[in-house]
Amino acid sequence: MAAVQFSSTSPVSEPPVIRDVLVSALTDALVAVGVEPPPSGIDIERPANRDHGDWSSNVALARAKAAGRNPRELAGELVAHLAGADVPHVAGVEIAGPGFVNFRLYDTWLYDVLRQVEADGVDGYARLEIAGGQRVLVEFVSANPTGPLHAGHARGAVYGDSLARVLERCGHEVGREYLLNDRGMQMQHFADSIAAAAAGEPTPESGYQGAYIDEWATELPPDVDSLEWAYARCRTEIEATLERLDIHFEYWHSERDMVASGAIEATLADLRAAGVVDDADDAVWLRATDFGDDKDRVLVKSDGEPTYLLPDIAYHRDKFARGWDLLINVWGADHHGYVPRMKAAIQALGHDPDDLEIQVTQLVRLERGGTEVKIGKRSGEFIELAEIIDEVGADATRFTYLLQSIDSQQTIDLAVIASQTMDNPVFYVQMAHARARSIQRKAAETGFASPDAATVDLSPLGHRRELEVLRALSELPDLLGVACRERAPHKVATWVRQLAAAFHGFHHDCYVIGDGIPPELTAARLALVDAARIGLAIGLGLLGVSAPEEMR
RNA sequence: GCCCUCGUAGCUCAGCUGGACAGAGCACCGGACUUCUAAUCCGAUGGUCGCAGGUUCGAAUCCUGCCGAGGGCGCCA
């Protein structure tokens, strides 16, 4: 039975997080040399270059001015003090460059990481509580129910869902919401177009075209309300497509319901009461310029009809009224111009503009084998999202869209991601997970029990490949926190590729079972394989990509 | 004209909210399969981080101005 060096006061083994250990040691050292620790906290980071140690701090650089000493001198004093302190896992401390303090650690710190991963598992490892339960409503997709989801909706759909997953894991209470614009002229045009097609008549003025109109028209039963039928047909289509991507909305918010409830009139009344509304030129205006918008905006047109803006304001008012602390809207780049007026509107209603966050996804250019796939808007020539899923699969669809920051315009070649080759990173990562499973199956067949990570001797682990896997695992909690704060799930995609690369390297160089491998090494490596499996499953789970038992 | 996003290797993109000599994948070149799937691994080649200033001990990262790409600027939704 190996010694367990964790606190005995807690029934759950909770290895000290290395960051806390080092920060605490640095704090002590600063105090010892008579320098006030930085009010913002001490910064610890992993140097990009391994020659600079395992962990590094720039605290001497940051505090040199306040301490009235030059950075290297201060760093030297810190190092001298740290050398005398008995800091767990620390093998050496050095000054480097302009005044960095670099820590060189024993591999034991990575053994703690492995134990932590195993103790916490897929559900618990890198589950953060940095959000304090803040209630966030993520609204995304919200495509008009006048046709199937198309390629243009894909990025927002996948991003919104993965963002929600990241937020949840970081301690937010999260709701996913889809706003259904189920009233208005667009719905009528849509229904008329289907009815016309069913009757063999030409597409009406400002109607919809496209293969789906003709197809759905053939399904239109006689003697039904064409609008209601078309709406239901479309919703079924949209939900089915989202279902294939494993996207599930907790809330489908109907604009009709909102109208019926009188929320729109109530919103206008609120705005009037707030004194931010002007009547001019027979129209009703929101004085948006009072809140940083470029111009004032019409709420009710001179013909007495509300603009789209008023119900939209009512909708956001409703979201807050339902108790959400923070609203995140995922919008396409073609709507970014509406950000200032929406923020102005919620301010006019008395909310903090920061309580509405709008994430804008840049456009995606689609190619097939290097040639752009052209889409014509009105003509109905577009690629349905369902077609993309048919072509490349749900996992590749999600992974590919999540590979890049939403801020960058993305180019996706469908031919490339449809190919199940090395060009396609999703298979690379899934393969890593399947490999881990494969090794575990072999272990079971060979009669190796899965080791208890809390007690197994990990000291046989020391191979460069083994340590790379553990290092990657150690980075996940920090990385997830950044991904959450920056609303950047693509960082998870980048990370999981790194972990997969480390694991493939390990797999290649470190045989686990048989072939003259000593049983102690097999046991330690099996623990590592399971930890890697957990990390891969967490990463893939956040991306909404399946973690397969085997590749076929 | 104004606003938003972007401009990093031949291509597609990272770069952890300023840090130590700029990274990955693909492509190209050269290696590794009696092994838990070679759908893998290793090595080599490849970049004035659009340009010019500024802030800083330190800038791909922050600020300003240009240049270029995409998107947006309705009493349309």
Side-chain angles (χ1 to χ4, degrees), chain A residues 43 45-49 51-52 56 58 61-62 64-65 70-72 96-100 102 144 146 181 184-186 206 281-285 294-295 297-309 311-312 332-340 360-363 365 367 370 400 403-413 416 420-425 427-428 430-432 434-443 445-446 465 475 478-479 481-483 485-486 488 490-491 493-495 497-498 501 503-515 525 529 550-552:
Chain A
D43 221 18
E45 60 177 30
R46 302 154 205 270
N49 187 337
D51 294 341
H52 298 142
S56 171
N58 64 354
L61 290 155
K65 196 169 276 179
N70 85 50
R72 272 195 72 96
F100 290 98
N102 293 343
N144 287 346
T146 55
N181 285 108
M185 286 315 293
Q186 298 306 317
S206 58
D281 305 329
D282 296 326
V284 181
W285 298 72
D294 291 340
K295 48 184 84 163
R297 306 291 174 182
V298 173
L299 296 171
V300 181
K301 297 185 272 184
S302 50
D303 64 4
E305 288 295 311
T307 62
Y308 74 96
L309 182 60
D312 220 13
D334 52 341
H335 286 99
H336 85 264
Y338 303 92
V339 173
V360 174
T361 64
Q362 294 301 313
L363 299 185
R365 172 190 158 101
E367 298 180 343
T400 304
L403 224 35
Q404 272 126 43
S405 157
I406 55 164
D407 287 337
S408 67
Q409 296 159 30
Q410 193 177 20
T411 303
I412 290 181
D413 193 319
V416 169
Q420 307 198 355
T421 69
M422 287 186 293
D423 296 354
N424 191 347
F427 290 97
Y428 181 88
Q430 290 185 311
M431 180 64 195
R435 273 192 158 155
R437 279 310 204 195
S438 169
I439 294 171
Q440 292 182 320
R441 277 194 300 274
K442 174 158 181 185
E445 285 162 17
T446 324
R465 300 293 207 170
E475 289 167 8
D478 281 355
L479 176 122
V482 172
R485 281 190 298 275
E486 296 184 1
H490 78 276
K491 286 175 190 288
T494 304
W495 174 83
R497 290 175 80 176
Q498 276 172 15
F503 187 73
H504 284 307
F506 161 80
H507 174 268
H508 189 266
D509 289 356
C510 301
Y511 210 68
V512 177
I513 296 159
D515 201 26
R525 284 182 171 169
V529 166
E550 56 184 332
M551 302 297 275
R552 281 186 308 257

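Every chain is numbered from 1, with letters handed out A, B, ... down the list of sequences. Only this structure's heavy atoms are used, side chains among them; waters, hydrogens and symmetry mates stay out.
Counting non-hydrogen atoms under 4.0 angstrom, A:R497 reaches the backbone sugars and phosphates but no base. Across all strands, A:L61 comes closer than 4.0 Å to base atoms (heavy-atom distances). Residue A:W285 is classed as a base contact, given a heavy-atom separation below 4.0 Å to a base. Residue A:D281 is classed as a base contact, given a heavy-atom separation below 4.0 Å to a base.
Nucleotide B:rC62 is matched to B:rG54 when pairs are restricted to Watson-Crick or G-U wobble geometry with both distances under 3.5 angstrom. Pairing for B:rA20 is absent, judged as Watson-Crick or G-U wobble with the two contacts each under 3.5 Å. Figure legend. B:rU45 is base-paired to no nucleotide; pairs are counted as Watson-Crick or G-U wobble with both atom distances under 3.5 Å. When Watson-Crick and G-U wobble pairs are counted only if both distances are under 3.5 Å, B:rC28 pairs with no nucleotide at all.
The phosphate of B:rG58 (OP1 or OP2) has no side-chain N or O of A:R72 nearer than 4.0 angstrom. Residue A:K295 places at least one side-chain N or O under 4.0 Å from the OP1 or OP2 atom of B:rG74. At B:rC73, one or more side-chain N or O atoms of A:Y338 fall inside 4.0 Å of OP1 or OP2 (strictly under the cut-off). Close to B:rC76, at under 4.0 Å from its OP1 or OP2, lies a side-chain N or O of A:K301.
Along RNA chain B, the nucleotide nearest A:R435 and the nucleotide nearest A:A96 are compared for position; the residue whose nucleotide lies closer to the 5' end is A:A96.
A donor-acceptor contact under 3.5 Å links the side chain of A:N102 to the base of B:rA20. Applying the 3.5 Å distance criterion, the base of B:rA77 shares no donor-acceptor pair with the side chain of A:T307.
Using a 5.5 Å limit on the distance between ring centres and a 30° limit on the angle between planes, the aromatic ring of A:H336 does not count as stacked on the six-membered base ring of B:rG72.
In this structure, A:F427 atom CZ and B:rA39 atom C1' are separated by 9 Å, rounded to whole Å.
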Counting primed atoms plus P, OP1 and OP2 as sugar-phosphate and everything else as base, spell out the protein contacts along nucleotides 11-18 of chain B at 4.0 Å heavy-atom distance: B, S or - for each nucleotide, 5' to 3'. -SSSSSS-

